[in-house]
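In what follows, a structure is listed as C-alpha cells, so that the remarks can point back to it.
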Amino acid sequence: MFCPNCGKSNPDGSKFCENCGTNMLESNGVQQAAPQQPVAPPPAPVYQQPPQPQYQAPAAPANLSAPLSVGGFLGTMIVMAIPIVNIIMLFVWGFGANANLNRKNLCRAMLILAAIGVVLSILFSIAFGSIFSAFADFDYYSY
C-alpha cells in the first residue's frame with residue numbers, strides 16, 4: 001500500500017504512513033493501490049574531498065650577505081665571553097645555514113685562530129718542558 005501524500009510503500013492494513021504520518025484511509029474507505037504521483041528518491045549524497053593543503057615554500061631568510069651591524073658584532077663578542085657557550089656558538093654560526101655571511105666568516109676566523117693557539121701552546125709547552133727538565137737534571141752538588 002502506498003501513501004497518498006508522500007508515495008512511500010507501507011505494509012498492508014496500515015492506518016498511518018510510516019514516513020509522513022498521513023492517514024492512509026481515505027474518507028470513502030477505499031485504499032489507494034498506487035500513488036498519484038511517485039516521488040523521486042532523494043539524490044545520493046555527494047561526498048567531496050576536503051581541499052588539499054597547498055605547499056608553501058619556507059620563508060626566504062633575510063638577506064644573509066647584508067653587512068653585520070655594530071650591535072651584531074657587539075652581541076657576537078658578548079656571547080664569545082661566555083665559557084663553553086662561545087665554542088658551541090662559534091660552530092653554530094660558523095657552519096650554520098642561516099647565519100649572516102659576515103658573522104659566519106668572523107666565527108670561522110676565530111675558530112682558525114683558536115686552533116692555531118692550541119697547536120702553538122702545545123709546542124711551547126713541549127719546548128719549555130724540555131728546557132726545564134734539562135735544568136732539573138743538573139746536579140749542583142757534584143764534585
Side-chain angles (χ1 to χ4, degrees), residues 1-27 31-143:
M1 154 182 327
F2 294 96
C3 173
N5 185 32
C6 66
K8 172 143 173 68
S9 175
N10 291 293
D12 290 336
S14 298
K15 291 185 178 183
F16 298 98
C17 176
E18 293 176 351
N19 187 36
C20 66
T22 303
N23 188 357
M24 298 289 288
L25 302 175
E26 292 183 347
S27 61
Q31 295 179 355
Q32 189 175 3
Q36 299 282 342
Q37 191 175 27
V39 176
V46 177
Y47 295 104
Q48 295 179 351
Q49 292 183 352
Q52 295 292 329
Q54 297 295 323
Y55 173 76
Q56 294 180 355
N63 188 1
L64 298 179
S65 62
L68 195 60
S69 66
V70 173
F73 275 112
L74 287 176
T76 304
M77 294 299 172
I78 290 171
V79 170
M80 293 303 110
I82 303 170
I84 307 298
V85 173
N86 56 5
I87 296 170
I88 294 169
M89 291 310 295
L90 279 175
F91 281 104
V92 169
W93 285 331
F95 301 106
N98 292 331
N100 184 295
L101 184 62
N102 296 317
R103 181 178 284 144
K104 183 181 286 193
N105 290 335
L106 174 67
C107 291
R108 288 179 179 175
M110 292 174 102
L111 283 170
I112 291 170
L113 286 176
I116 291 171
V118 167
V119 169
L120 287 178
S121 65
I122 291 172
L123 291 175
F124 284 131
S125 296
I126 292 171
F128 287 126
S130 64
I131 291 171
F132 288 129
S133 68
F135 285 131
D137 288 342
F138 185 78
D139 189 12
Y140 290 106
Y141 300 107
S142 64
Y143 292 103

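Values in this document were obtained by computation on a predicted structure and should not be read as measured data.
- For the residue pair Val79 and Asn86, the shortest heavy atom distance occurs at O-CB, 3.7 Å.
- Within 6.0 Å of atom CD1 in Ile84, 12 or fewer heavy atoms from other residues, nucleotides or ligands are found, so the atom counts as exposed in its surroundings.
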Would you please test Cys3 and Asn10 for side chain to side chain contact (heavy atoms under 4.5 Å, CB included) and show each step?
CA-CA 7 Å; Cys3 173; Asn10 291 293; 3.8 Å; yes
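- Going from atom CG of Leu64 over to atom NZ of Lys104 covers 7.5 Å, rounded to the nearest 0.5 Å.
- Applying the side chain to side chain contact (heavy atoms under 4.5 Å, CB included) test to Asn102 and every residue at least two apart in sequence or in another chain returns Pro67, Leu68, Asn100.
- The structure places OG of Ser125 at 10.5 Å from CZ of Phe132, a figure rounded to the nearest 0.5 Å.
- Atom CG of Asn23 is separated from atom CZ of Phe16 by 5.0 Å, given to the nearest 0.5 angstrom.
- Between Cys17 atom SG and Lys8 atom NZ the span is 7.5 Å, to the nearest 0.5 Å.
- The two residues Arg103 and Thr76 make their nearest non-hydrogen contact at NE-OG1, 3.0 Å.
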Between Leu90 and Met80, does a side chain to side chain contact (heavy atoms under 4.5 Å, CB included) hold up when you go through it step by step?
CA-CA 8 Å; Leu90 279 175; Met80 293 303 110; 3.5 Å; yes
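- Residues satisfying the side chain to side chain contact (heavy atoms under 4.5 Å, CB included) test with Ile122, not counting sequence neighbours, are Val118, Ile126.
- Among residues two or more places apart in sequence or in another chain, the side chain to side chain contact (heavy atoms under 4.5 Å, CB included) test is passed with Phe95 by Phe91, Arg108, Leu111.
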Apply the test side chain to side chain contact (heavy atoms under 4.5 Å, CB included) to residues Leu106 and Trp93: give CA-CA distance (whole Å), side-chain angles for both, the deciding distance (0.1 Å), then the verdict.
CA-CA 9 Å; Leu106 174 67; Trp93 285 331; over 6 Å; no
